Each structure stands twice: as C-alpha cells, then as structure tokens.
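Below is one structure, written out as structure tokens; comments come after it.
Computed from a prediction, not measured in an experiment: that's the story for all the values here. Below, chain A is the first sequence line, B the second, and so on; all start at residue 1.
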Amino acid sequence: MTNASIADAFDQIADLLDFQGANPFRVRAYRNSARTIRDYPEPLENLVAEGSKRLTQIEGIGDDLAKKIVTLVGTGELPQLVELKSQIPESVLALLRIPGLGPKKAKALYDQLAIKTLADLKVACEAGQVRKLKGFGEKTEQLILQGMEIAEKAGQRMYWAEADQIVQTLRRDLGACRGLKQLEFTGSYRRGKETVGDLDVLAVAESPSELMDRFGQFVGQGQVLGRGETKMSIRLQSGLQIDLRVVPEESFGAALQYFTGSKEHNVTMRGLAKDKGLKVNEYGVFRVKKDQEEYVCGRTEKEVYAAVGLPVFPPELRENRREFEWAEDGKLPELVELADLRGDLHMHTTETDGGATLEEMVEAARKRGLAYIAITDHSKRVSMANGLNAERLRAQWKQIDALNKKLGKHFSILKGIECDILESGELDLPDDVLAEADWVVCSVHYGQKQPREKITERIVGALANPHVDCIAHPTGRLIGRRDPYEVDIEAVFAAAKKHRKLLELNANPMRLDLNDVMCAAAKTHGIGIVISSDAHSTEGLDVLRYGILQARRAGLTKADVANTRSWSEMKILIGS
DNA sequence: GCCGTTTTCGGCCCGACTGTTTTCAGTCG
C-alpha cells in the first residue's frame with residue numbers, strides 16, 4: 001500500500017464525515033494527516049514494520065490514526081471507511097465540487113430531496129424544488145445550475161506555465177492603472193506549484209474602484225462573480241477564477257504573506273504568533289492586550305515574519321513541510337536559482353523528433369548562458385521519433401566532435417543519448433556504443449503499464465549498467481493526463497545511491513518528474529538531481545525555469561543539483 | 001482526531017462576501 005492510497009482513504013473519510021456533519025476539527029485531523037502522508041518522504045509501510053509508536057512520531061498522527069494505518073497496510077481496507085460508504089452513496093461527494101455547495105447544503109439536498117448524484121441535482125433545480133428548501137433560494141438554485149458545468153471544468157487545474165502567461169498579461173494590464181502602488185500575484189502561483197487552481201492578485205491602489213473597473217475589463221467572455229469594497233472575483237471563459245484584493249499600504253506585507261499561503265503554513269505561523277501574544281491576519285501583526293489590539297507591523301513580509309521571530313521563507317517552501325523546523329535550527333536552505341545552472345543534459349535535434357538542428361540548439365544554449373549541453377536524441381526503439389541506431393548515433397557524434405573543435409573551450413557539446421529501457425529490461429543500444437558516450441540518460445517509453453516488480457526491475461537494472469549516468473523522467477507521469485508508472489521509487493533511490501547515479505527532474509511543465517516530494521526524498525538519500533529541459537526545439541530550453549521552481553519546492557540547493565557544476569566537475573561526480 | 005499539559009479535556013486561524021435572512025449561516029480562501 002502506497003502513501004498515496006493511505007492518504008486517499010483518509011481523504012475519503014474526511015469527505016464523508018464532513019458530509020455527515022461530524023466535528024469539523026475531527027474532519028480536519030483526517031485531511032491534515034492525508035496531506036502529511038502524501039508528502040511523507042518514506043513509505044509508511046516501512047514504518048509500520050517498526051510498530052505504531054514510530055507512526056505517532058509523525059506530526060498529526062496520533063494513536064488512532066496510527067492504528068488505522070496499520071490496519072490499512074495489513075488488510076488493504078479500513079472497516080470505518082467501508083461502514084461510511086454503506087451509509088452514504090459515494091456519488092454525493094461529487095456535489096461538493098460545485099462552487100458554493102459545501103457539506104451543509106449538500107447534506108440538506110441529500111436528506112430532504114434524496115439527491116444522490118449531479119444528475120439528480122440538475123433535475124431538482126430545473127423543477128424548482130431546490131429553492132423551496134430552507135437556506136436556499138432562487139439565486140442559489142441558479143448558482144448550482146451554473147456550477148454544474150464549472151464542476152466539470154473546475155477539477156482541471158492549469159499548468160503553472162499556462163497560469164504564468166495569464167499573469168504576465170494581467171500584470172501589464174493592471175500595471176497601467178493610474179495610482180497603482182503595489183501589485184503582486186499570490187497563492188499557489190507564487191509558491192510555484194506545478195498546477196494552479198485559481199489566481200490571486202493583491203494590490204495597493206489610490207483608487208480601488210478604478211483598479212476594479214480595469215480588472216473587470218479583463219473578464220472578456222467570462223463573468224464577474226462578485227465585487228465588494230476590497231475584493232472582486234471574476235471567472236474567465238476558460239473557467240479560471242481570478243480574485244483581486246485591494247489592501248491599504250500598511251497591510252500589504254501581511255496580506256502578501258496571508259494570501260501566498262499555503263493555508264497549512266499560515267495555520268502554523270499564526271499558532272507561533274499566538275504563543276508570543278500576537279495576532280496575525282491579512283491586515284497586519286497585532287499585539288493583543290486584554291480587549292485591545294495594537295498594530296505592530298504589516299508593511300512588508302519581512303516585518304511580519306520578523307515579528308514572529310521567523311525568517312522570510314521563500315514562497316516555494318511555504319507548505320508546512322519542514323520549513324519551520326529548518327528555520328528553528330537556522331538551517332533554511334539557500335535554494336537553487338536558474339542562474340546556477342551551467343548545463344542542460346537532455347535535448348533532441350532534427351536527427352530524431354526535435355525541431356532544431358544540432359547547430360541551432362548549440363546557438364540557443366549559448367545565448368541562454370549555458371556552458372555545456374548534452375545532445376540526447378532517442379534510440380532506435382522509439383521508431384515513431386526516428387530513433388538512432390548505433391551507426392547514425394556515431395555519425396552524429398562525429399559532427400559533434402567537429403563542432404566542438406570550432407567552439408573551443410568556452411562551450412562543450414557532450415555526446416549523449418536518451419537510450420530506451422526496453423520492455424525486457426535490456427537497453428536499446430549495446431554496451432560498446434554506450435561506452436563511447438560522454439553522457440547516457442535512460443528512460444522508459446514502452447511497456448509503461450507493466451506491473452510494479454517488472455518496471456522497477458527494468459529501471460533498477462538500467463541504473464546498474466556502468467555506462468548509464470542518469471534516469472530521465474523516472475516515473476513517467478504527465479500531470480493531469482497520465483499516471484506515473486507503478487515503479488517502486490524507493491528501490492530506484494536505493495539503486496541510484498548504490499551505483500552513484502543521478503536522477504532527472506524533467507523541467508517540461510507537463511512532466512516535472514520527479515515531483516517535489518520525490519526530489520526531497522532523493523536528497524535525503526544523498527542522490528544528485530539533474531534538472532533538464534528535454535527540449536525538442538530551441539524555445540524548449542526555456543522550460544528550465546519550471547524545473548528550478550520544482551527543485552526549490554523540494555528544498556534543493558545549488559549543491560543538490562548536479563548540473564550547477566561545470567562539466568569537468570560533473571565528470572568527477574559521475575566517475576567518468 | 002490531535003495536541004499539550006493546568007495529565008483530562010478544551011482548543012483547534014480568521015475575515016470577506018453572499019444569499020437569505022431580519023441577525024446570521026454557509027462557503028471560501
């Protein structure tokens with residue numbers, strides 16, 4: 001049983017309890033634990049073997065949840081969850097995805113109108129049944145009908161890279177507003193999450209209404225969801241919701257901290273503030289004295305954190321994972337930056353499925369300030385991409401040799417290959433060919449659905465080959481589109497550590513694989529991470545910044561990322 | 001359900017906005 005499945009079980013319990021109107025703090029306990037477990041760097045299965053005492057050492061897991069984890073791991077199911085599901089049809093949980101419908105209203109619909117599915121709900125709304133319920137009205141009914149379409153669109157979060165494009169446009173648009181003093185995009189966007197559910201904009205403006213008018217024009221074919229004195233929300237036609245908040249100057253830092261989140265980070269932060277007799281909200285930090293509150297600060301994030309005795313956390317770390325522990329020990333990592341990257345070790349050319357020639361890729365990489373690149377076209381098994389056999393590969397390497405001579409010592413092109421790990425576990429090119437390469441990345445493209453043992457064996461086997469340097473996109477997931485392979489990532493870590501090999505963080509915004517939690521786990525094992533573009537065009541080289549964001553979320557420093565080194569230093573690292 | 005501790009049980013972050021009310025509950029972030 002994986003951590004993800006344990007977390008899913010607890011999340012389902014939370015949803016069902018919420019629906020039943022259980023104690024909200026009990027519900028929260030399940031949700032918190034689910035989140036912690038999903039992010040936990042080691043399989044809980046391993047800890048179970050050490051007894052439930054070991055489990056309760058994890059923040060947010062007490063005796064009760066520890067027992068439940070033991071049961072789940074041991075039997076594969078949880079009597080409590082089975083029982084809950086027998087009481088409430090699972091389909092009602094879909095109702096909670098409609099914006100504006102929370103557990104209370106959903107339960108009222110279920111209890112009073114026997115609504116079990118989205119289809120039931122639609123019929124009831126159209127028949128005017130819903131408006132008759134206490135607490136509901138005509139508007140709520142309309143809202144639900146609109147929300148049904150959104151519920152389908154909404155589950156889809158957009159890639160950070162897509163959100164970034166909207167942010168750039170909106171920043172330009174709003175930035176032109178007269179009397180605008182501050183403008184910042186907060187929320188999961190600022191934290192650099194791989195996907196973004198909605199956008200949050202924070203501003204200080206002389207005339208909030210003028211800014212809101214301007215914001216309203218951004219709606220296009222979408223709609224304005226609401227507008228108050230300080231807050232306005234719109235939904236673009238694409239389904240993306242954008243919230244704008246205008247705050248006074250003396251609150252900007254507090255609001256920036258607050259709306260950047262994450263929620264979990266803020267809960268901990270407020271708890272620490274409370275211990276110091278302080279209250280933190282989006283308006284500032286306040287000293288609480290009897291019935292009075294005295295404003296302490298709030299102009300900048302630095303002031304706000306300093307008041308609570310904390311450093312300014314890079315937004316990427318604000319997930320309530322280990323950042324507070326690091327801060328307490330004075331060991332907040334100095335996170336890797338885009339400018340630290342010296343080389344890019346995974347890219348394609350027109351020789352296979354790339355859109356640019358060898359020369360064009362080199363030129364583009366030099367323009368971007370890189371000192372070396374590895375050309376890693378596909379091997380022959382990837383026939384769709386016109387993959388290379390030994391002969392064509394060696395021919396390409398001759399070209400590289402020639403070009404390297406012309407370039408001199410200021411730039412190096414490495415003779416590389418993205419060698420397929422075949423379904424059988426064998427590599428797609430013979431050892432004598434791989435031995436001639438400067439850099440070998442291996443990856444799985446076929447047989448992705450093989451059972452856990454088999455696919456793990458393939459990847460572990462590749463790591464054991466002395467000519468292999470790195471595994472590319474080690475879990476194969478495509479965010480929101482394709483699940484990861486069933487690979488036992490712990491076994492991959494163990495093999496990478498044993499053979500002193502590197503693992504890739506693929507910077508393609510749809511991949512970002514390894515993910516942040518896995519990168520952090522790899523770091524604890526002492527495994528080096530390579531951030532690569534996997535570029536199939538010259539523009540493709542620009543995705544490195546998305547990989548950097550993910551690495552920062554994992555808490556990686558310059559030293560943790562192998563390709564921040566020069567190629568000669570890298571050679572020592574990979575022992576060639 | 002967890003946590004800390006006043007070691008037995010109370011507290012658990014907090015404010016804006018909306019719709020349905022007539023003073024507030026529910027939802028959201």
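- Between A/F259 atom CZ and B/dG15 atom P the separation is 12 Å, expressed in whole Å.
- Separating the C1' atom of B/dT8 from that of B/dC2 is a span of 14 Å, rounded to the nearest Å.
- Straight-line distance between the C1' atoms of B/dG10 and B/dT5: roughly 11 Å, to the nearest whole Å.
- Within 6.0 Å of CD on A/E50 lie more than 12 heavy atoms contributed by other residues, nucleotides or ligands.
- Between A/D11 and A/R38 there is a salt bridge, with a side-chain nitrogen of the basic residue lying less than 4.0 Å from a carboxylate oxygen of the acidic one.
- Whole-Å rounding puts the A/M212 CE to B/dC17 P distance at 8 Å.
- Crowding of A/E486 atom CD: a count of heavy atoms from other residues, nucleotides or ligands under 6.0 Å not exceeding 12.
- Note on ring orientation: taking the six-membered ring where Trp is involved, the planes of A/F493 and A/H525 are tilted (angle from 30° to 60°).
- Checking the phosphate oxygens (OP1, OP2) of B/dT20, a side-chain nitrogen or oxygen of A/T140 falls inside 4.0 Å.
- Comparing the P positions of B/dT18 and B/dC13 gives a spacing of 26 Å, expressed to the nearest Å.
- The separation between A/R245 atom CZ and B/dG29 atom P is 9 Å, rounded to whole Å.
- Listed in residue order, the members of residues 100-112 of chain A having a heavy atom less than 4.0 Å from DNA chain B are A/G100, A/L101, A/G102, A/P103, A/K104, A/K105.
- The distance from the OG atom of A/S91 to the CG atom of A/D120 is 7.5 Å, given to the nearest 0.5 Å.
- The gap from the C1' atom of B/dT23 to that of B/dG29 amounts to 24 Å, rounded to the nearest Å.
- Shown here, B/dG29 forms a base pair with B/dC14; the pair counts as Watson-Crick or G-U wobble because both key distances fall under 3.5 Å.
- Within the 3.5 Å criterion, the main-chain N or O of A/P333 finds no donor-acceptor partner in the side chain of A/W326.
- Looking at heavy-atom distances under 4.0 Å, A/S33 makes no contact with the nucleic acid at all.
- Phosphate contact (OP1/OP2 of B/dC28, side-chain N/O of A/S233, threshold under 4.0 Å): absent.
- Across all strands, A/Q142 comes closer than 4.0 Å to no nucleic acid atom at all (heavy-atom distances).
- Using P as the reference atom, B/dA16 and B/dT21 are 24 Å apart when rounded to the nearest Å.
- B/dT6 and B/dG11 have their C1' atoms separated by 14 Å, with the value rounded to a whole Å.
- Atom-to-atom, CD of A/Q241 to P of B/dT18 comes out at 12 Å; the value is rounded to the nearest Å.
- A straight line from CG of A/L96 to C1' of B/dG26 spans 13 Å, rounded to a whole angstrom.
- Between A/M232 atom CE and B/dT18 atom P the separation is 11 Å, expressed in whole Å.
- Sparse packing is recorded around CG of A/D63, with 12 or fewer heavy atoms of other residues, nucleotides or ligands lying under 6.0 Å away.
- What separates CZ of A/R31 from C1' of B/dC28 is a distance of 13 Å, to the nearest Å.
- Nearest-nucleotide positions on DNA chain B for A/E141 and A/G228 put A/G228 closer to the 5' end.
- No donor-acceptor pair closer than 3.5 Å links the side chain of A/R482 to the backbone N or O of A/R477.
- In summary, of the residues considered (A/D198, A/D200, A/D243), a side-chain hydrogen bond (donor to acceptor under 3.5 Å, both in side chains) with A/S233 occurs for A/D243 alone.
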Classify every nucleotide of nucleotides 1-14 of chain B by which part a protein heavy atom approaches to under 4.0 Å, writing B for the base, S for the sugar-phosphate alone and - for neither, in 5'-to-3' order.
BSS--------BBB
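- Nucleotides B/dC14 and B/dT20 are separated by 29 Å at their P atoms, to the nearest Å.
- One interatomic measurement links the two molecules: CD1 of A/I242 to P of B/dG29, which rounds to 14 Å at whole-angstrom precision.
- By the 4.0 Å N-to-carboxylate-O rule, A/K104 lies too far from A/D18 to be salt-bridged with it.
- If you take CZ on A/R227 and CZ on A/F215, they are separated by 10.5 Å, rounding to the nearest 0.5 Å.
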